[in-house]
Each structure stands twice: as structure tokens, then as C-alpha cells.
There are 2 protein chains.
Amino acid sequence: MAELHEHNTATLLRSAGRRVTNARLQVAHVLQHSRGHLSASGVLAGVRQADGHIDQSTVYRVLADLRDTGLVAESRFGNSEATYEWIAGDDHHHLHCVECGETTQLSSDLVDRFDGAVLEQHGFRAENRHMVINGVCERCSVE
Amino acid sequence: MAELHEHNTATLLRSAGRRVTNARLQVAHVLQHSRGHLSASGVLAGVRQADGHIDQSTVYRVLADLRDTGLVAESRFGNSEATYEWIAGDDHHHLHCVECGETTQLSSDLVDRFDGAVLEQHGFRAENRHMVINGVCERCSVE
DNA sequence: AGTGTTCCTGCAAGTATTCGCAAAAAGTCG
DNA sequence: CGACTTTTTGCGAATACTTGCAGGAACACT
């Protein structure tokens, strides 16, 4: 199974025009096997735990690169660190409640429709792979 | 005029529940009188040029605070630095072309409609004061 | 496998951003 | 104008993130 994953990851990397390297596979593996968001240092820790070694700067570079290819989503909530999660090309959008801090999923439909409207009115092809919308969730809204 | 600006800024700060301090007025002043986006170090330079002195850490704190009150918008394009601009509570949205790097305005209507749809489907009250949408602009799209 | 080209990575800085704490300023009330 | 309470600020670290460069690895071709 690990190999299946790895194989898929390799394929994804290749079709994104990237070389299949140890560093990328390790980072991908850590993200794939962690639920929720992970910070850069969390990824680093994960790699070390798996007895691997990658330099800090490489982790940052790989994360930025995977973000650019759409395999990984980068979020910046209020915190001091950015966080990352494996999305493997699927669009992935968040509603982040500024009251309780909870994060939920936003349906892609709405975003697609929005992108469509942007294209129509501005001629701009939005590449909204990953949005973080701040606001107040239903539960907190009631109080 | 400078006084009028300052007066307005003071009022805005007060109604946001913030104290009117020298540091905040200076940062606001620099942002108000610069067109386009300014980095944190740019703000610092602006303050120094106006013969003022504020600590670096204060600039960051003030910027984060003004961002939270909605007076300032924070953007992170591909660059290493975040950039800021004075928006004084008005919503302000950007279309950022990843090809040519150009940034244009996105009409608030579309965003409002989107926010409405989010509320309807998710019960989530979006506070979209400032969005940055990445994508490809019309001109670059044609090539 | 051997060679060449191009992309990636580690290392060692460098820059950007945040934090803790004590002193100073802002707002409040009498 | 004081005295008092709460927020801000400066300073000095600490942490988060980026970059330049030279060696190492991936891939394509033979």
C-alpha cells in the first residue's frame, strides 16, 4: 500500500513536470498520513520520525513547489505558522470561523460558480484551488 | 488636509475600539500616502523618512491590528514579503495574474453575491474584506 | 552502464515576522 | 490636574521562512 501511494505520488509529480525525488516523496508521505493541517516544522518532524533526513530549507522549497503544482494546499490562519495539507489536485476550500477557530469545508460548486462569474465579468481565469474564507460560523452566529 | 486625514484616522481607530497612538497614526499616514502595496519594511522606511521612529516589531503589530480592524488589507503574492494597503473599511478585492504579475480590482458585487450564497448554503457569515484571487488575466490568456 | 543536461538539495547565511516583558502612553474618573 | 486601569510600545531575543551557491541526483539518450 505504501508502494501504491508512492507510485501514485510519483505519477502525480511526473505529470506536474517535476522530478521524483526522495525529498518530495517524503514530504508527500508525511502529509498524506497526517490528518488535518501540518506546519512546516511538523512536516520536518514527521520526516525525522520516519528516520529520514531532509534539510529545513528543502522542506520549505518542496512545500512551496507542491503548493504551486496544486498537490498541497497552504493555509494561513491567524497563527504565526503556515499550515499544509495534501489535496492531490482536488479543489479544497475552507470556512474558518474567527470566533471558535473551527474550520469546515466549503462546497466547490459555489466556488466554481464564482469563478465562472469572474471569468464572465473580468475575463480572468481564476485558479481557485484553495480558498480560506474568514467569517462566523452558524453556531457562533446564534449566540 | 493632513489634519483632516489624521482626524478621520483617529475617529476610525476609536470606533474600532483602539486607542489613538502615535505609532498607529504614523503607519496609517504612510499607507494613506503611498499608492499601491507597501511591505512592512516599506512602511518602516516611510515612517523614518517622515522623521519618526517606531520599532520594527511595533510596525508589525500595528499592521496586524489594523488588518484585524479592517482598515488595512494584507496581501501575500508569491513574494517573500507580505504587502499592505489602506482600505479604510471598504471591501477591496484583487485579481492577481500569475503570468504577468499584474494585479487588478475585482468588483465587490461578485464577492457579495458569493458571500450570500455561502450564507445560504452553509449558514456561514463570510467576512470577505479582502480577497486575492490567483489566475490568468485576459491579456495573458489570449497568447 | 556511461555521459550530458537540467533540476534538486544541503549547507550556511540572510531576511521576515513574532514574542515576552517591563516601561511609557492613552483613556477614565474624580 | 493627579491617580488609576488598560492598552501600546520598545527592546532584545526567538522563531519562521528564504536565498545563493556548489555538489549531487534524476532523467534522457546512446
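Being a predicted model, the structure only gives us computed values, none of them experimental. Sequence lines set the chain letters: A, B, ... in the order given, protein chains first and strands last, and positions in each chain run from 1. Side-chain atoms are counted along with the backbone in the values below, which use heavy atoms only and exclude waters and symmetry mates.
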Next on the checklist: Would you call the rings of A:F77 and A:H96 parallel, tilted or perpendicular, taking 30° and 60° as the class edges?
Outcome noted: tilted
Item to check | B:D115 with B:R125: basic N within carboxylate O range, under 4.0 Å | outcome: no
Could you state the [atom1]-[atom2] distance from [X] to [N], rounded to the nearest angstrom?
| X | N | atom1 | atom2 | result |
| --- | --- | --- | --- | --- |
| B:L25 | D:dT7 | CG | P | 19 Å |
| A:L13 | D:dA25 | CG | P | 19 Å |
| A:H53 | C:dT9 | NE2 | C1' | 10 Å |
| A:D68 | C:dC7 | CG | C1' | 15 Å |
| A:L63 | C:dC8 | CG | C1' | 15 Å |
| A:I54 | C:dC11 | CD1 | P | 12 Å |

Checklist outcome for this item: In A:I54, A:D65, A:L44, the residue satisfying side-chain contact (heavy atoms from CB on, under 4.5 Å) with A:V27 is A:I54
Checklist entry - When you look at A:H92 and A:Q105, which way does the side chain to side chain donor-acceptor pair (under 3.5 Å) test go after all the steps? => result CA-CA 7 Å; A:H92 209 218; A:Q105 295 265 125; 2.8 Å; yes
Atom pairs, N/O to N/O, protein against nucleotides 16-20 of chain D, distance under 3.5 Å?
residue : atom : partner : partner atom : Å
D:dA16  : OP1  : A:E81   : OE2          : 3.3
D:dC17  : OP1  : A:A82   : N            : 3.0
D:dC17  : OP2  : A:Y60   : OH           : 3.0
D:dG20  : O6   : A:R61   : NH1          : 3.2

Checklist outcome for this item: In this structure, NE2 of B:H29 is separated from CG of B:N22 (nearest 0.5 Å) by 12.0 Å
Checklist outcome for this item: Value for NE2 (B:H93) from OG (B:S75), rounded to nearest 0.5 Å, stands at 11.5 Å
Item to check | Non-hydrogen side-chain atoms of A:H94 and A:E85 separated by less than 4.5 Å | outcome: yes
Checklist outcome for this item: The side-chain contact (heavy atoms from CB on, under 4.5 Å) partners of B:V20 (sequence neighbours excluded) come to B:A10, B:L13, B:R14, B:L25
Checklist entry - Which parts of nucleotides 24-30 of chain C does protein reach within less than 4.0 Å, heavy atoms only, written one letter per nucleotide 5' to 3' as B for base, S for sugar-phosphate only and - for none? => result -BBS---
